[in-house]
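Structure, as structure tokens:
Side chains included, hydrogens not; waters and symmetry mates left out as well; all remaining heavy atoms used. Predicted model only: the values in this text are computed from it and were never measured.
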Amino acid sequence: MKFQTKHIFFLKIIAIVLLSLAGAWVFLKGLVFSAALILIGIISIAVSMYFDRKKLIGRVEQLIAGIRHSDFSTHFASPATNDEFNHLSREMNDALHVFRSRARDAMIDEAESQAWQKLISVLTHEIMNSVAPIISLSETLSERTDTDLQTMNKAMQTIHRRGKGLLSFVENYRKLTKIPQPFIQPIRASALFESLQLLVESDQIRFSFTCYPEKLVFRADRNMIDQILINLLRNAREATENQPNPEIKIRAEQAGNEVHISVIDNGSGISPEAIDKIFIPFYSTKPAGSGIGLSLSRQMMIRHKGRITVKSDENGSTFTVVFPE
């Protein structure tokens with residue numbers, strides 16, 4: 001029969017009281033040695049009660065430290081027993097789980113809000129850049145009566161070019177908002193990369209690939225993963241254009257319950273200022289870039305319930321797409 005912690009606590013208190021009375025009685029009888037032994041017993045029980053209390057306080061301190069340092073991985077070992085210490089541990093784990101969920105939801109909401117603010121800022125900037133010259137030119141043409149045919153023609157060409165650019169911008173935005181649900185199917189990584197080599201030959205993209213395990217299979221939409229990897233490979237090619245020995249590699253590996261596919265280049269890397277913005281729609285560090293390639297790739301990975309990450313320094317960049325198994 002197992003005693004719960006509260007029962008043991010009360011038994012220890014009763015034992016201390018009884019031993020104290022017995023010790024006093026023995027001492028009054030002149031049995032000093034026996035009284036000393038009883039005193040040692042009382043001290044031993046008191047010490048055990050002290051360590052029980054210290055154990056509980058240690059668990060609470062661990063909880064507080066985890067929350068203070070935003071450690072969302074903190075948990076408490078709780079063996080399958082029903083005593084109060086382990087019951088308290090399970091209660092703490094449940095409380096931490098709720099805390100993690102709420103903190104994660106709050107961070108996601110904040111990140112989404114910031115993303116929308118950045119997107120609105122980019123949309124406003126791009127639209128104003130196109131609309132303002134059109135309005136200015138149209139006002140100038142309507143106010144001037146001496147405009148010759150050549151000036152009129154140049155103005156109309158500028159209006160046409162700006163209007164076409166704005167139309168292209170809106171079309172790219174439409175692509176971001178109409179991504180279909182993926183058709184999930186098993187894909188063998190090595191076969192995927194071999195077909196990719198054929199697809200990107202016309203773009204003068206050369207890459208090597210490795211798979212671990214060799215016959216690695218993951219589940220994804222074939223058309224979407226083609227589009228994602230082609231976009232990443234083109235970015236890698238542009239990043240390595242000025243390198244004396246350009247190198248692009250694709251690495252696929254099983255990582256627990258996930259499959260990681262990384263596109264690695266030895267380019268000059270992405271600046272710290274830009275790396276936080278590269279997934280924002282229409283943000284681009286390239287003069288002729290549309291700024292939707294990485295945003296589109298990220299949205300496709302979200303449709304797969306996966307994610308895309310980036311690491312970059314002066315030695316190159318690594319983009320990794322992560323698929324759940």
- prompt: Transitively linked via ILVMFWY side-chain contacts under 4.5 Å: Phe209 with Ile187?
  reply: yes

task: Check step by step if side chain to side chain contact (heavy atoms under 4.5 Å, CB included) holds for Leu233 and Ile250.
output: CA-CA 9 Å; Leu233 287 168; Ile250 296 183; 4.0 Å; yes

field: Closest approach of Leu196 to Ile230 (non-hydrogen atoms, all atoms of both residues)
entry: CD2-CG1, 3.6 Å

query: Considering only heavy atoms from C-beta outward, does the side chain of Asn231 approach that of Leu296 to under 4.5 Å?
result: no

message: Would you compute the distance between atom OG1 of Thr240 and atom CD1 of Ile248 and round it to the nearest 0.5 angstrom?
response: 4.0 Å

message: Angle between ring planes, Phe319 versus Phe279, binned at 30° and 60°: parallel, tilted or perpendicular?
response: perpendicular

task: Please tell me if the side chains of Leu232 and Leu294 come closer than 4.5 Å, counting only heavy atoms from C-beta onward.
output: yes

statement: Tightest non-hydrogen contact, residues Leu216 and Glu253, listed as CD2-N, 3.8 Å

- prompt: Between Arg234 and Ile205, what is the shortest heavy-atom contact and its length?
  reply: CG-CD1, 3.8 Å

Same apolar cluster: Val321 and Val217, side chain cutoff 4.5 Å: no

query: Taking all atoms of both residues into account, what is the closest heavy-atom pair of Gln243 and Gly267, and its distance?
result: NE2-C, 3.8 Å

query: Got a sec: does the CZ of Arg251 have more than 12 other heavy atoms crowding it under 6.0 Å?
result: no

Point-to-point distance, once rounded to the nearest 0.5 Å, from CG of Asp226 to CG of Asp221: 9.0 Å

message: Tell me the closest heavy-atom pair linking Arg219 and Pro186, and the distance in Å.
response: NH1-CD, 3.8 Å

Other residues, nucleotides, ligands: >12 heavy atoms within 6.0 Å of Arg298 CZ: no

task: Considering only NZ, NE, NH1 and NH2 on the basic side and carboxylate oxygens on the acidic side, decide whether Arg188 and Glu194 come within less than 4.0 Å.
output: no

query: Just how far is it from atom CD1 of Ile225 to atom CD1 of Ile261, taken to the nearest 0.5 Å?
result: 4.5 Å

message: Show the nearest heavy-atom pair for residues Ser312 and Gly269, with the distance to one decimal.
response: OG-CA, 3.3 Å

statement: Interatomic distance, CD1@Ile308 vs CZ@Phe323, rounded to 0.5 Å, equals 9.0 Å

- prompt: What about Ile184 and Phe218, same hydrophobic cluster or not, with Ile/Leu/Val/Met/Phe/Trp/Tyr joined at side-chain heavy-atom distances under 4.5 Å?
  reply: no

query: Are the side chains of Val263 and Asn235 in touch, meaning some heavy atoms are under 4.5 Å apart?
result: no

message: For Tyr212, is there any backbone N or O sitting under 3.5 Å from a side-chain donor or acceptor partner on Gln254?
response: no

task: Find out if a path of hydrophobic residues (ILVMFWY) with successive side-chain heavy-atom gaps under 4.5 Å connects Val322 to Leu229.
output: no

field: Connected via hydrophobic side-chain network under 4.5 Å: Ile278 and Ile264
entry: no

- prompt: When rounded to the nearest 0.5 angstrom, what distance separates CG in Asp265 from OG in Ser317?
  reply: 5.0 Å

query: Out of curiosity, Gln227 CD to Met300 CE, how far, rounded to the nearest 0.5 Å?
result: 3.5 Å

message: How about CD on Glu214, more than 12 heavy atoms from neighbouring residues, nucleotides or ligands closer than 6.0 Å, or not?
response: no

field: Residue Asn315 excluded, over 12 heavy atoms near CG under 6.0 Å
entry: yes

